[in-house]
Amino acid sequence: MDALEILFTASFWVAAIRIASPLIFATMGELICERAGVLNLGIEGIMTAGAFAGWFTVYSGGDLWAGLLVAALVGAMFGLLHATLTVPLGLSQHVVGIGVTLLATSLTYFIYRLALPEVTSPPKIEPFQPLPIPGLSSIPVFGEALFTQTPLTYLAFVSVAAVAWILYRTPIGLAVRAAGENPSAVEAQGISVTGIRMGAVVIGSALMAVGGAFLTTSAFNSFFFQMINGRGWICIALVVFGSWRPGKALIGAILFAAFDAYQVRLQQISGGIVPYQIFLMMPYALSILALILVARRATYPKALMITYQKGER
Amino acid sequence: MRLEPKPAPSLAVTLLFPLAAIATTLMLTSILVLAAGASPLSVFYLVAKGAAGSQFALLETLTRATPLIFTGLAIAVAFRAKLWNIGAEAQLYIGGVVTVVLGTGALPLPSVILIPVIIVVAMAAGALLLLGPAVLKTRFGVDEVVTTLLLNFIVLLFVSMLLEGMLKDPMGLGWPQSQKVVAEAQLPRLIQGKRLHYGFVIALASAVVVWVVMKKTVLGYEMRAVGFNPEGARFVGIPVNRALLKTALLSGGLAALAGFSEVSGLKGNLTLDLSPGYGYTGIVVAMLAMLNPLGVIASAIFVAGIFVGADAMSRAAKVPSYIADVMVATSLLTMVVAILLTRFWIRWR
């Protein structure tokens with residue numbers, strides 16, 4: 001097949017949307033944290049923990065949706081740890097974030113080994129099945145790509161709409177945005193900046209964990225080590241690329257995923273002339289490139305990474 | 001709740017806090033040991049015994065500490081200037097690549113010349129690798145955390161490509177590994193027949209040099225000033241960006257030495273499992289040392305001891321050796337809280 005023809009096939013876009021789904025959840029999670037003024041570098045570890053928690057719940061006999069709920073709760077717990085250390089205690093968001101990633105990852109591996117000491121190949125579960133939306137799914141290419149996905153993918157799109165609506169249309173969203181721009185103004189309204197920021201990090205971390213769980217309960221059907229493989233860090237780049245806006249970040253995630261799906265297909269038709277590692281490098285290189293391109297006009301939340309202490313300016 | 005600064009604590013109190021952090025870590029990880037159905041006391045005893053219970057154990061711990069001293073120093077230097085280098089893993093591998101490229105017979109030189117040449121080129125390569133993200137930070141304001149993290153993945157794929165291509169050992173039976181470095185490019189062993197090598201001595205010397213640089217030179221002063229308050233540093237005329245770039249060169253070079261020392265002193269060749277995350281563990285090492293270069297030696301030996309001891313323990317008790325990673329990660333978090341408590345009172349009102 002021709003390298004350009006791929007772009008017009010439905011199967012390519014189905015794959016792109018599937019690859020985008022976990023990134024969408026996790027990017028929304030990170031976006032909420034950063035809009036409230038907290039950089040959450042725990043994302044990579046929280047996604048790992050979520051991936052394991054979701055899969056393990058189902059493996060132990062739970063429902064798929066129960067798995068998702070457990071993943072979200074586990075994510076929220078790590079979020080609470082991150083938030084406690086960075087918000088009221090004001091510790092370095094860089095160091096704590098890396099610490100949370102190391103802790104969540106190592107704790108996951110420890111529990112995996114403890115629960116399944118003897119397994120050599122990871123056990124499988126029955127994952128979410130595609131749920132075509134009647135009517136819409138028969139629209140050629142576009143409809144097939146968007147409406148023959150698993151329920152979790154639809155939920156990912158719903159989460160973008162929900163985050164956008166809450167951030168821009170509700171008082172609590174206004175408070176979150178203000179906490180990341182001008183915290184003293186929030187405090188002046190009698191709202192606790194600490195509370196808003198902690199809440200944002202907890203909810204955001206739950207979303208990250210759901211993104212991880214997508215991989216084990218929808219995209220694949222088992223958990224294996226290093227399965228997040230830098231996706232968390234890519235999501236941080238996507239938040240910057242999307243200028244901290246849910247809609248733009250969604251477009252970024254889909255573009256990125258399309259690129260990722262494309263490089264896999266290029267790899268197949270290139271016939272091994274170019275080393276496969278070059279293709280695998282491209283998503284990471286693209287993320288760096290995207291960061292450079294938007295850096296000059298990036299409008300950071302002004303209080304991002306700045307700790308807030310009541311009564312200080 | 002609010003934080004109130006308190007007067008600088010005495011040295012004794014300062015040293016007490018890492019110990020308190022470690023004690024807290026042990027208590028927290030006891031829960032996991034209990035969950036694994038083992039007794040915390042006996043497990044921690046086995047870890048300590050496995051880390052330092054015999055001459056063999058102790059030498060193994062020091063061998064494992066060697067790369068951690070290098071990466072710990074790399075992080076300590078960078079974090080002091082608030083340059084968030086999370087890419088020590090990539091810089092380490094580049095150091096390994098240079099060692100193999102120059103050390104497998106390309107340069108027919110005697111040991112006394114060849115090894116310094118490799119060291120200089122390896123450090124330069126690691127330095128340049130971090131210079132990229134540092135320039136992106138100072139020039140374009142691109143956050144170096146994300147770029148250095150993403151570079152880790154790119155560099156590991158690059159190494160994988162080399163090991164299946166240009167650097168592939170033709171006698172390697174298809175394994176992705178490089179040829180062994182020639183005898184002239186190998187660091188000798190410290191004790192005949194043991195694994196501990198001269199890389200450890202170089203690591204100790206590096207720690208002293210970095211300590212002198214940090215405490216006694218203009219560069220060290222600039223780095224500390226930039227890390228403490230970049231605006232203030234700029235105000236008093238310190239070239240902030242240039243200081244950050246110099247920091248990046250030093251930090252990247254130190255991390256690359258870890259790769260050099262592992263290949264030249266221990267493994268002999270380059271493989272994709274040269275480092276089980278020494279670049280990331282270096283962050284914990286540096287934080288436990290409160291970014292003090294001499295403290296890095298002690299904390300690297302301590303962290304190495306946990307890993308070596310846990311390996312030995314997991315063979316005896318049925319507790320997964322990942323407990324070591326959990327302990328190390330937990331100690332990073334308890335340590336940053338402990339450092340906070342040395343500087344502030346927490347007031348609840």
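Nothing here was measured: the structure is a model prediction, and the numbers come from that model.
For a residue to count as touching a neighbouring chain, one of its non-hydrogen atoms must lie under 4.5 Å from one of that chain's; by this rule B/F158 touches chain A with backbone and side chain alike. When heavy atoms are compared at a cutoff of 4.5 Å, B/V145 approaches chain A solely by way of its side chain, counted from C-beta outward. With a threshold of 4.5 angstrom between heavy atoms, B/L157 approaches chain A through its backbone and through its side chain. For chain B, the nearby parts of A/L103 are the backbone and the side chain; heavy atoms of each come within less than 4.5 Å. Heavy atoms of A/P88 lying under 4.5 Å from chain B belong to its backbone as well as its side chain. Within the 4.5 angstrom heavy-atom criterion, atoms from both the backbone and the side chain of B/M161 approach chain A. Contacts of A/I111 with chain B are absent, with no heavy-atom separation under 4.5 Å from either backbone or side chain. Looking at B/I154, the atoms closer than 4.5 Å to chain A (heavy atoms on both sides) sit in the backbone and in the side chain alike. For B/I323, the parts lying under 4.5 angstrom from a heavy atom of chain A are both the backbone and the side chain. Residue A/I288 touches chain B through both its backbone and its side chain, counting heavy-atom pairs closer than 4.5 Å. Using a 4.5 Å cut-off between heavy atoms, B/I86 contacts chain A through its side chain alone, with no backbone atom that close. Contact annotation for B/V284: only side-chain heavy atoms (C-beta onward) come within less than 4.5 Å of a heavy atom of chain A.
Taking chain B as the reference chain and counting heavy-atom pairs below 4.5 Å, the highest number among A/Q277, A/M282, A/M281, A/R113 is found for A/Q277. Of the listed residues (A/L107, A/V240, A/I236), the one with the most heavy-atom contacts under 4.5 Å to chain B is A/L107. Interface check for chain B: of the options A/L89, A/I98, A/L280, A/V294, the most heavy-atom pairs under 4.5 Å are formed by A/L89. Options B/L150, B/L136, B/D325 differ in how many heavy-atom pairs under 4.5 Å they form with chain A, and the most are formed by B/L150. Of the listed residues (B/F79, B/Y322, B/F140), the greatest number of heavy-atom pairs within a distance under 4.5 Å of chain A belongs to B/Y322. By number of non-hydrogen pairs under 4.5 angstrom with chain A, the leading residue of B/L332, B/L149, B/V142 is B/L149.
By the 6.0 Å contact criterion, CZ on B/R224 is enclosed, its count of non-hydrogen atoms from other residues, nucleotides or ligands being greater than 12. No more than 12 heavy-atom neighbours from other residues, nucleotides or ligands sit within 6.0 angstrom of CD on A/Q226. Atom CZ of A/F225 has more than 12 heavy atoms from other residues, nucleotides or ligands within 6.0 Å. In the displayed structure, A/F241 atom CZ is contacted under 6.0 Å by at most 12 heavy atoms of other residues, nucleotides or ligands.
For the pair A/C235/A/M208, no side-chain contact is recorded, criterion being any heavy-atom separation below 4.5 Å from C-beta on.
There is no side-chain donor-acceptor pair under 3.5 Å between A/E44 and A/T105.
Aromatic ring pairs are classed by plane angle as parallel below 30°, tilted from 30° to 60° and perpendicular above 60°; the pair A/F52 and A/F223 is perpendicular. Ring-plane geometry between B/F153 and A/Y284 is classed as parallel, the angle between the planes falling under 30 degrees on a 0 to 90 degree scale with a further cut at 60. Note on ring orientation: taking the six-membered ring where Trp is involved, the planes of A/W55 and A/Y112 are tilted (angle from 30° to 60°).
Remark: B/D311 engages B/R64 in a salt bridge, criterion side-chain N to carboxylate O under 4.0 Å.
In this structure, B/N152 and B/G87 approach most closely via the heavy-atom pair OD1-CA, 3.2 Å.
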